[in-house]
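Step one of this worksheet: look at the structure below.
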Protein chains: 2
Amino acid sequence: MSQIPLARRSPVPPESCNLAKAIDIIGDRWTLLILRAALYGVRRFDDFQAELGCPRTVLSGRLKNLVEAGLLTKRPYKSPGKRARPEYTLSSMGLSLRPILVGLTQWGDAWLGQGETPPISFTKVGSKSAIRAAFVDLEGREVRPDQIRAVLRG
Amino acid sequence: MSQIPLARRSPVPPESCNLAKAIDIIGDRWTLLILRAALYGVRRFDDFQAELGCPRTVLSGRLKNLVEAGLLTKRPYKSPGKRARPEYTLSSMGLSLRPILVGLTQWGDAWLGQGETPPISFTKVGSKSAIRAAFVDLEGREVRPDQIRAVLRG
DNA sequence: ACTCTGGATTTAAAAAGCGAACTTATCCAA
DNA sequence: TTGGATAAGTTCGCTTTTTAAATCCAGAGT
């Protein structure tokens, strides 16, 4: 049933694979949930903690990793009458993960939603029709998944 | 710099969010690396183990989880002169994660590749130009990231 | 019977996760 | 200037998970 031919090994060893590197950075439950919250506008330590319900130690470590990796930017904010505190916002590197997380949301809607209407969907401004994550060619036209070919360097 | 307005909480609580559910299933380093290998055609226990270099206990458990979640299908295969053994192939549910992992690969190429030519790239059949992950509207036309709006059910 | 081999489990030490309490720093009010 | 409120972490003791190595198991070939 699988269209994928049998292989004993993947064509790119994990050490030199950028997918494997990406997985090392974001392939973690709490890290992904932090990025999800950040994409929805959560920025502050206690807000992340309340949203995720994870131990503060874990949150602290994951935020530090994400800042070091360049996905989050840490900088002070100040609301009037309050002392300055750090906030964590997505860098352009982090923001560019958005299509992937939206794609994963829609994968979840399709396979894990148990037939219910998804609680959130995505549209183009000024339009009511849904958008979705997909592949496009250089001109911005969609390429269907079965039309994709992998090409090895060399 | 972040275009995302401040929020104290995400609009969809993690318990009812299909993205959070998806993260619960695949948001794990080894699980993602298993899926990566499976997308490249790896099917057998020892091949996964050699590819990932992970403890066999962990591999065994993750494979079981993925079968239970419906992403992998376990069935026997038999090469001539050998006893029957199980192999793990992607179900349609697992195959439909492909755009997401390809998108993540390209994210890694852009941000983690250190300027080197990516070891693997993706094109449309019969074309040499690269494709990329993006959003499209109903007609398959690209929607730029700044034109996307989230819509809550209600 | 004996051996080989691929798939998986057992075991014990190391690592990571967990929750609660504690510390720190600053603003505001008394 | 003292005291309290608040947000961002850190410390601490305990539990769970991961890890790596050894072991088990079933069936095919000899």
Side-chain angles (χ1 to χ4, degrees), chain A residues 6-9 14-15 20 23-35 37-38 41-69 72-90, chain B residues 6-9 14-15 20 23-35 37-38 41-69 72-90:
Chain A
L6 174 66
R8 311 299 307 271
R9 285 303 198 99
E15 311 82 71
I23 290 171
D24 278 343
I25 295 177
I26 67 159
D28 169 88
R29 180 176 141 74
W30 293 124
T31 301
L32 284 165
L33 290 172
I34 288 170
L35 292 171
V42 177
R43 295 184 196 169
R44 301 177 189 174
F45 190 93
D46 276 11
D47 292 343
F48 281 115
Q49 206 274 323
E51 171 87 15
L52 308 191
C54 76
R56 303 171 75 78
T57 45
V58 173
L59 178 59
S60 169
R62 295 295 196 283
L63 288 174
K64 188 182 295 186
N65 291 345
L66 284 169
V67 170
E68 277 168 14
L72 291 181
T73 305
K74 182 179 184 175
R75 79 169 140 236
Y77 74 91
K78 179 142 177 20
S79 28
K82 297 283 180 65
R83 60 180 279 212
R85 302 218 172 250
E87 71 177 3
Y88 301 88
T89 54
L90 288 162
Chain B
L6 173 66
R8 310 298 309 270
R9 286 303 200 100
E15 311 83 69
I23 289 172
D24 278 343
I25 294 177
I26 66 159
D28 169 88
R29 180 176 140 72
W30 294 124
T31 301
L32 284 165
L33 290 171
I34 288 169
L35 292 171
V42 176
R43 295 184 196 170
R44 325 230 256 234
F45 190 92
D46 274 13
D47 293 342
F48 280 114
Q49 207 275 323
E51 171 88 15
L52 308 192
C54 76
R56 303 171 76 76
T57 46
V58 173
L59 178 57
S60 171
R62 296 295 195 282
L63 288 173
K64 189 182 294 184
N65 291 345
L66 283 169
V67 170
E68 278 168 13
L72 291 181
T73 306
K74 180 179 185 176
R75 77 167 143 240
Y77 74 91
K78 179 144 178 18
S79 26
K82 295 282 181 63
R83 57 180 283 213
R85 304 234 171 237
E87 69 176 3
Y88 301 88
T89 54
L90 288 162

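No hydrogens, no waters, no symmetry mates; every other heavy atom, side chains included, goes into these values.
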- Do L66(B) and I34(B) come within less than 4.5 Å of each other through their side chains, counting heavy atoms only? yes

- Identify which nucleotide among dT9(C), dA8(D), dG7(C) has an atom closest to any side-chain atom of D46(B), counting heavy atoms from C-beta outward. dG7(C)

- Side-chain donor or acceptor of R56(A) paired with backbone N/O of F45(A) under 3.5 Å: no

- Item | d(CG, L6(B); P, dA7(D)) in whole Å | 13 Å

- Taken to the nearest whole Å, CZ/F45(A) to C1'/dA25(C) is 15 Å

- Identify whether the distance between the nearest side-chain nitrogen and carboxylate oxygen of R29(B) and D28(A) falls below 4.0 Å. no

- Query: Roughly, in whole Å, what's the span from CD in Q49(A) to C1' in dG9(D)?
  - Reply: 11 Å

- Whole Å only: how far is the CG atom of L52(A) from the P atom of dC18(C)? 11 Å

- Message: Could you tell me how far apart K64(A) (NZ) and dA8(D) (C1') are, to the nearest whole angstrom?
- Response: 12 Å

- Item | Derivation and outcome, salt bridge (Lys or Arg N to Asp or Glu O under 4.0 Å), residues E87(A) and K74(A) | CA-CA 6 Å; E87(A) 71 177 3; K74(A) 182 179 184 175; over 6 Å; no

- Donor-acceptor pair between R43(B) and Y77(B) side chains, under 3.5 angstrom: no

- Query: dG6(C) phosphate, OP1 or OP2: any side-chain N/O from Y77(B) under 4.0 angstrom?
  - Reply: no

- Query: Can you tell me how far P of dA8(D) sits from CD of E51(A), to the nearest Å?
  - Reply: 15 Å

- To the nearest Å, how far apart are E87(B) CD and dG7(C) C1'? 14 Å

- Could you check if a side-chain atom of N65(A) sits within less than 4.5 angstrom of a side-chain atom of T31(A), using non-hydrogen atoms only? no

- Phosphate oxygens OP1/OP2 of dG9(D): is one of them under 4.0 Å from a side-chain N or O of Y88(A)? yes

- Message: Tell me the interatomic distance from L59(A), atom CG, to dC18(C), atom P, rounded to whole angstroms.
- Response: 11 Å

- Result for side chain to side chain contact (heavy atoms under 4.5 Å, CB included) between L59(A) and one of K64(A), Q49(A), E51(A) points to Q49(A)

- Message: Across nucleotides 17-30 of chain D, 5' to 3', mark each nucleotide with B, S or - according to how protein heavy atoms within less than 4.0 Å reach it.
- Response: -SBBB----BSSS-

